[in-house]
Amino acid sequence: MALICTIPPYITKHKNVTPFEIHKFVKHLCSLSLHYPHEFDHCFKSHSFYASLIDNSTHITHLYQVHNQLVLSGLQHNRFLMTKLVNQSSNLGQIFYARKLFDEFPDPDLFMWNAIIRTYSRNNMYRNVIEMYRWMKWVGLHPDKFTFPCVLKACSELLDFGLSCLVHAHVIVYGFGSHVFVQNGLVALYAKCGRIGMARMVFDRLYDRTIVSWTAIVSGYGQNGEPWEALRMFDQMRKTDVKPDWISLVSVMRAYTDVDDLEQGRSLHGCIIKMGLEEEPDLLISLTAFYAKCGEVTVAKSFFDKMKTPNKVMMWNAMISGYAKNGHAEEAVELFQAMISRNIKPDSITLRSAVLACAQVGSLKLAQWMDDYVRKSKYGGDIFVNTTLIDMYAKCGSVESARLVFDRASVKDVVMWSAMIMGYGLHGQGWEAIYLYHAMKQEGVCPNDVTFIGLLTACSHSGLIKQGWELFHCMRDFGIKPRNEHYSCVVDLLGRAGYLKQAYVFILKMPIEPGVSVWGALLSACKIHRCVTLGEYAAQKLFSLDPYNTGHYVQLSNLYASSRMWDRVAYIRVLMKEKGLTKYLGYSVIDINEKLHTFHAGDMSHPQAKEIFYELQRQERRLKEVGFVPHTESVLHDLNYEEKEENLCIHSERIAVAYGLISTAPRTTLRITKNLRACVNCHSAIKLISKLFEREIIVRDANRFHHFKDGLCSCGDYW
DNA sequence: ATAGGGTTAG
C-alpha cells in the first residue's frame, strides 16, 4: 500500500508533527485497518511505531486511541509500551488515567512501578508515593536508583524524619549508599527536615559532586537560617569545575536576600545577565523578591511587570511581601486586591503577606475586610495565617478581635500563643497576658524567647513591676537566654518604679553587650524621673551605637525640657543641625467611613479644615473651662515637630481627634495611628477629651497603644 | 525506556 509506505517514516521520524496530524493519522489508520486488516499487520505490530505515537501525543484523546489500538492488536500486555503509556499520561497530567492503566496491568515490573511512583511525585501527591513504595516492597520488588529519588523527595515534602531514616536504611540495604542521584536526594531531604548537619555529612562524603549536589547543600543552609554558610558553600563551588545553572542561582539569590546584601546581589545579577539566564521565569521571581526585600521596590516592580505568565502566584507573593516589608503597605494591599480582581488564586503565603501589610496600614476596617477574606478562603484554618491575623488585629487597635481569631483557631502553637500575649502587651493588658501564659503552660505548650518578650513588654506597659521581675527569672527554668529585648523590658520596669540606680547596675551586670533598646529604656526612665546625669550618659551610649537616629536626640531634649534646662535644649537643636539630622515630620491617620485621612501638624489641607478648626477651638474652650493647663514647655520644645507648627500648638493627633469627633456618631470609638511617640501635652489633652466628650479614643504611637477612657490612659502616663 | 536540586515565610 502506497499510503503506508509514505506516512510511517514521516510520522515516526519527524519530531515536529502537530497533535492534529497525529490525531488525524491514527484515526485514518484505524479506520483503514478495519477494511484491510492484513495490509496493516506489519505496521500495527511495530513497537517503535507505537512508541513514537505515544511520545508525540499531546492530548489525552491520542492516548485513548493508541491504547484502544494496542488492545485490538493484542499488545495491551506489552510492558515496554504500557509503561510508556503510563509515563506519557503522567506527562500530560492525567494521574488517574495513569493509575487506571497501572491497576489494569496484570503483573507490573519495576519500570511500571517507577512510572506510577514518578507520576505521583511529579504531581505533589507524596502520600501516594509512599503508599505505592510500601506496596511495591510488599509484593517483593527491590527499589532501584530510579525509585529512591522520588521516594526521598516525598519524605522531604512530608517532613517525616522517622520515615526518612527508614528510607535511608533501605538505600543502604539495597546498595545505593554511594549513588550520586540517591545521595543528592538525601542531602536535600535532611536539609528540609532541619538536620543540616546530617545533610552536610552526606554531602561531604560525596566524591562526585554535581551542580545538583551543590544546589542541595546551598539551599539547605539557606532554609536552615544560615545564609552566610550558604554563600560560603557557593564560593567553594565556584572554585570547582561545576558551572552554576539557573536553579542553583535561585538559592544563591535567596541567600543574598536573607543577608540583605544589595551590592553582592547586584553583582550576581550581572553574572546572571552574562550567562543569559535573566529570562528564566523562576529566577526572575527570585530577583524580584531580592530587590523588593532590599528596598529597591521600583526595580522589583519592573521585573514584576515583565512577567510573562501573569498567574504565577509566587511572583505576586514576592512583590506583595516585598512591598509589605519596606513600608509600602498600601501598595501591597492594592496589589493584593488587583490580584483578586484578576481571579488569581492567592495561596497561604500571599495571605500572610497581605495580612502583614494590613497590620502596617493600621486601619481596623481594612483588617476586618482581610479577616473576612481569609475566612471565606480555604486558609481559614492555616496556623500561619491565623497568627498573622492575631498580630494584625492587635496592631490595628482591636485586641478583642485578635482574641476572637485566637479562640476560633483549632490548632495553636507557641508562636500563636506568643502573638496573642504580645497583642495584650502592646495594649497594656498585662494581666490578660499573664493569664494566657498560664493557660498556655496548662495546655502543655512550652514558652520560648518570644513568649517572654511578649510577657515582659506586657508587664512593662502595664506597670506590673513585681510580676515582670519574677517572669524574667522564670526564663532560666526553660533554658532561655535573655536577649537585649528582654533586658530592656527589665530596665523599663525598674525605671518606671523609679529605681534608676538599680536599673543602671542591672545594665552593668548584663552578660551580653547592652544594645540600643536597653539604653533607650534607661533614657526614657530618666526623662520621666528627671534624672539628667544618668540620662546624658545613656544618651551618649545611644549616640555612639545608633548615631543617625533622630529619636534619641529628641528624647534627650525632652529630658532637658522636663528639667527646664532650656540652654541644653537649644544646644541639642544646634547639635542636630551640625550632624545634618532632620526631624521626622509627625503625622496621624484616622479611618473614617473606610477612608484613611492623614493629618500633619497644623494641617489646613483637608476639605473640611474649617469645621475641624472650629471643633478644635470648641475643645480648647471646654478644656480651659475645666482648668486644663497646657504643658507649654514640652509643646514648645518638642523636637518631634517643625518649628512653625510648634507655634500653632496643634499637633496632628489633636486634629485627627477633632475630625473624628465631628465625623462619627456619639460614643463611637476613635482609632488613630501616629508615626511618632505621643507628646505629653496631647496625651493629657486627649485624656480629658475622652472624659468631656464621652469617647473611647485609641491611639497607636510608634511604640504602643494608648487607650483613653474616662479621663485616663491605659499606659498609666508612662511611655 | 524511567531520575535528582530551587523560589514567598508567623
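Computation of the quantities below employed the complete heavy-atom set of this structure, encompassing side-chain atoms and omitting hydrogens, waters and symmetry-equivalent molecules. Chain letters run A, B, ... following the sequence lines, proteins first and then strands; every chain starts at 1.
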Taking the side chain of [X] as its heavy atoms from C-beta onward, which of [options] lies nearest to it?
| X | options | answer |
| --- | --- | --- |
| A:Ser219 | B:dG5, B:dA1, B:dT2 | B:dG5 |
| A:Arg254 | B:dA1, B:dG10, B:dT8 | B:dT8 |
| A:Thr388 | B:dG10, B:dA9, B:dA1 | B:dG10 |
| A:Ile349 | B:dG6, B:dG10, B:dT8 | B:dT8 |
| A:Arg118 | B:dG5, B:dT2, B:dA1 | B:dT2 |
| A:Ile247 | B:dT8, B:dG5, B:dG10 | B:dG5 |

Would [X] and [Y] count as a close aromatic pair, with their ring centres under 6.0 Å?
| X | Y | value |
| --- | --- | --- |
| A:Trp228 | A:Tyr221 | no |
| A:His168 | A:Tyr190 | yes |
| A:Phe102 | A:Trp113 | yes |

Side-chain N or O of [X] closer than 4.0 Å to phosphate OP1/OP2 of [N]:
| X | N | value |
| --- | --- | --- |
| A:Arg352 | B:dT8 | no |
| A:Lys145 | B:dG4 | no |
| A:Gln223 | B:dA9 | no |
| A:Ser353 | B:dT8 | no |
| A:Lys325 | B:dT8 | no |
| A:Arg122 | B:dA3 | yes |
| A:Thr387 | B:dG10 | no |

Can a donor-acceptor pair under 3.5 Å be found between the side-chain atoms of [X] and the base atoms of [N]?
| X | N | value |
| --- | --- | --- |
| A:Asp413 | B:dG10 | yes |
| A:Ser251 | B:dG6 | no |
| A:Asn184 | B:dG5 | no |
| A:Ser286 | B:dG6 | no |

Need one value for [X]: base, sugar-phosphate or nothing, where a base atom within 4.0 Å counts as base even if backbone is also close, heavy atoms only.
| X | value |
| --- | --- |
| A:Thr210 | base |
| A:Lys312 | nothing |
| A:Leu283 | nothing |
| A:Asp245 | base |
| A:Ser321 | sugar-phosphate |
| A:Lys293 | nothing |
| A:Ile320 | nothing |
| A:Trp246 | base |

Given atom [atom1] of [X] and atom [atom2] of [N], what is their separation to the nearest angstrom?
| X | N | atom1 | atom2 | answer |
| --- | --- | --- | --- | --- |
| A:Met339 | B:dT8 | CE | P | 16 Å |
| A:Met319 | B:dA9 | CE | C1' | 17 Å |
| A:Leu152 | B:dA3 | CG | P | 16 Å |
| A:Leu81 | B:dT2 | CG | C1' | 15 Å |
| A:Met237 | B:dG6 | CE | P | 14 Å |
| A:Met315 | B:dT8 | CE | P | 13 Å |
| A:Met370 | B:dG10 | CE | P | 14 Å |
| A:Leu268 | B:dG6 | CG | C1' | 14 Å |

> Taking atom CZ of A:Phe161 and atom CG of A:Leu189, what is their separation to the nearest 0.5 Å?
Replying inline: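 Answer rounded to 0.5 Å: 8.5 Å.
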*Reported CG-to-CE distance for the pair A:Leu356 and A:Met370, which is rounded to 0.5 angstrom*: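 Nearest 0.5 Å value for the CG-CE distance: 11.0 Å.
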Using modelled atom types and a 3.5 Å cut-off, is there a donor and acceptor pairing between side-chain atoms of [X] and backbone atoms of [Y]?
| X | Y | result |
| --- | --- | --- |
| A:Asn448 | A:Val414 | no |
| A:Ser248 | A:Pro244 | no |
| A:Asn326 | A:Val297 | no |

- Aro-ring/base stack A:Phe181-B:dA3, d under 5.5 Å, angle under 30°: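 No, the aromatic ring of A:Phe181 does not stack with the base.
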